[in-house]
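The structure under discussion appears below in the form of structure tokens.
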Protein chains: 2
Amino acid sequence: MNIGSAAKASGVSAKMIRHYEGIGLLPQAGRSDTGYRQYGEKDLRTLQFIRRSRDLGFSLGEIQGLLGLWQDRARPSREVKALAERHLEFLDRKLDELQSMKNALSHLVSCCHGDERPDCPILESLSGENGSTGLGGHGGR
Amino acid sequence: MNIGSAAKASGVSAKMIRHYEGIGLLPQAGRSDTGYRQYGEKDLRTLQFIRRSRDLGFSLGEIQGLLGLWQDRARPSREVKALAERHLEFLDRKLDELQSMKNALSHLVSCCHGDERPDCPILESLSGENGSTGLGGHGGR
DNA sequence: ATGGAGCTTCCCATGATGGGAAGGTCAAGC
DNA sequence: GCTTGACCTTCCCATCATGGGAAGCTCCAT
């Protein structure tokens, strides 16, 4: 199976498959006589594993860890769970961050009449003429 | 005022101030005789405007738009609101995406006993031995 | 044999940010 | 006055995951 079919079957683009191989996330693929990468069932399962992990937001580094555990039949599930929990905390932090932005911004939006007149609480808040918008002081990333 | 003080006072790093100038988000800063960038009150207000916008998650492109509207005293607030609403939709999409990840992953985590034994529903789900974890088929980012 | 689809490698771009090197400048203390 | 250390300058490189595109080779069907 060539890289294009593997890409279609796994949902990982050919570009990314090559990249994953380049950074050592995937082993070197076998090659045909003419240098085409060749993929089999086992490779497909690995590619799908990676795609599902990406769908859950795991970084490629974390996926390297997951792949290692997956391939180690003696892994303690404790380790998998720990890795997943760390990622869960990451997701929680991101969610909080986005939710705060959303709260602050949707408040501002609801205060802006949005017509032809120039006065605008959104711009006022951004320029610091701020009454109390929920925008704290420093503290961004 | 040199760039370091402007950075401290605005909450935007010196590195980023130079970068914003480089991409045209900020006008060329005035220079001292010896080539040091000089900043005044007005520049500080602009830098703070940018920082607050970043804190709400606006991209630098969007901030360019916001700055333009801010500096245009004849802007219709309608335009500011539209820009903000577009960003709110973006935040909503991101939130949904993260929330789905969190839901799927926290379900898996709660199913994993996390002890010394190797069997693990997290890995099973990632490898596709999947019963019904909420992980849909293709459809990533 | 020809054409088009698919493969190869290589380089570059994105977006926001930071790290660090090499060298010039400023101000305080001796 | 000279030294020292903090600060500034520009320039290049890295991150993270992904994609675009060029130049050139291969494969298969007509």
Side-chain angles (χ1 to χ4, degrees), chain A residues 1-26 28-39 43 47 49-67 87 90-91 93-94 97-98 101 138-141, chain B residues 1-26 28-39 43 47 50-67 87 90-91 94 97-98 101 138-141:
Chain A
M1 187 182 229
N2 285 347
I3 199 171
S5 320
K8 228 167 260 172
S10 65
V12 177
S13 75
K15 208 90 190 185
M16 282 300 102
I17 296 178
R18 291 192 199 97
H19 179 58
Y20 294 163
E21 181 181 328
I23 63 174
L25 188 61
L26 292 173
Q28 303 273 121
R31 300 286 183 137
S32 73
D33 293 348
T34 50
Y36 283 22
R37 287 177 181 78
Q38 295 300 132
Y39 297 91
D43 303 301
L47 285 170
F49 183 99
I50 293 176
R51 186 186 50 73
R52 292 199 193 89
S53 303
R54 290 293 299 136
D55 288 348
L56 288 179
F58 285 103
S59 71
L60 296 186
E62 291 168 326
I63 293 174
Q64 195 131 39
L66 287 169
L67 281 172
H87 182 55
F90 168 82
L91 290 176
R93 262 176 280 126
K94 273 275 167 252
E97 195 181 319
L98 288 183
M101 290 178 181
H138 294 208
R141 96 210 48 283
Chain B
M1 187 181 230
N2 285 345
I3 199 171
S5 320
K8 229 167 259 173
S10 65
V12 178
S13 74
K15 208 89 189 186
M16 280 302 100
I17 296 178
R18 291 193 200 97
H19 179 57
Y20 294 164
E21 182 183 327
I23 63 173
L25 187 60
L26 291 172
Q28 302 274 121
R31 298 287 183 134
S32 74
D33 293 348
T34 51
Y36 283 21
R37 286 177 181 79
Q38 295 302 132
Y39 298 90
D43 303 302
L47 285 170
I50 292 176
R51 186 187 49 72
R52 292 198 192 90
S53 302
R54 291 294 297 136
D55 287 349
L56 289 179
F58 285 103
S59 72
L60 297 186
E62 290 167 326
I63 293 175
Q64 195 129 39
L66 287 169
L67 280 172
H87 182 55
F90 168 80
L91 290 176
K94 273 275 167 253
E97 195 180 318
L98 288 183
M101 290 177 182
H138 293 211
R141 99 215 61 284

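Chain letters run A, B, ... following the sequence lines, proteins first and then strands; every chain starts at 1.
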Base, sugar-phosphate, or nothing for A/Phe58, non-hydrogen atoms under 4.0 angstrom? nothing
According to a strict under-4.0 Å criterion, is B/Tyr20 in side-chain N/O contact with OP1 or OP2 of C/dA16? no
Compare every heavy atom of B/Leu60 with every heavy atom of B/Leu25, then report the nearest pair and how far apart it is. CD1-O, 3.8 Å
I would like to know whether B/Arg54 and B/Ile50 meet side chain to side chain contact (heavy atoms under 4.5 Å, CB included); could you show each step before the answer? CA-CA 6 Å; B/Arg54 291 294 297 136; B/Ile50 292 176; 4.3 Å; yes
In whole angstroms, the gap separating C1' of C/dG6 from CG of A/Asn2 amounts to 8 Å
Can you name the side chain to side chain donor-acceptor pair (under 3.5 Å) partners of B/Gln38, sequence neighbours left out? none
If you measure from CG on B/Leu26 to CZ on B/Arg18, what distance do you get to the nearest 0.5 Å? 12.5 Å
Non-hydrogen side-chain atoms of B/Lys94 and A/Lys94 separated by less than 4.5 Å: no
Nearest whole angstrom, please: distance from the C1' of C/dC7 to the CE of A/Met1. 15 Å
Mapping B/Lys15 and B/Leu60 onto DNA chain C by nearest heavy atom, which one lands closer to the 5' end? B/Leu60
Distance, rounded to the nearest Å, where A/Leu26 contributes CG and D/dA17 contributes C1': 14 Å
Distances under 3.5 Å between protein N/O atoms and the N/O atoms of nucleotides 25-27 of chain C, please, pair by pair.
unit_1 : atom_1 : unit_2  : atom_2 : d
C/dT25 : O4'    : B/Tyr36 : OH     : 3.2
C/dC26 : OP1    : B/Thr34 : OG1    : 2.6

Of the nucleotides D/dT18, D/dG19, D/dT10, which one has an atom closest to the side chain of B/Arg18? D/dT10
Which of C/dA16, D/dT9, C/dG19 is nearest the side chain of B/Arg31? It is D/dT9
Which of C/dC7, C/dT17, D/dT9 is nearest the side chain of B/Ile3? It is D/dT9
Between CE of B/Met16 and C1' of D/dT15 the distance, given in whole Å, is 12 Å
Between C/dA16 (C1') and A/Glu97 (CD): distance, integer Å: 13 Å
note: B/Lys8, atom NZ; D/dA6, atom P; distance rounded to Å ~ 12 Å
May I have the distance from A/His19 (atom NE2) to C/dC12 (atom P), rounded to whole angstrom? 17 Å
Closest approach of A/Ser13 to A/Ala7 (non-hydrogen atoms, all atoms of both residues): C-CB, 4.0 Å
Here the distance between atom C1' of C/dT9 and atom CD1 of A/Ile17, to the nearest Å, is 16 Å
Minimum heavy-atom distance between B/Ser10 and B/Leu47, given as atom pair plus value: CB-CB, 3.5 Å
Side-chain N,O (A/Ser59) to OP1/OP2 (D/dC16) below 4.0 Å: no
Selected nucleotide, minimal atom distance to A/Arg37 side chain, candidates D/dT10, C/dT9, C/dT17: C/dT9
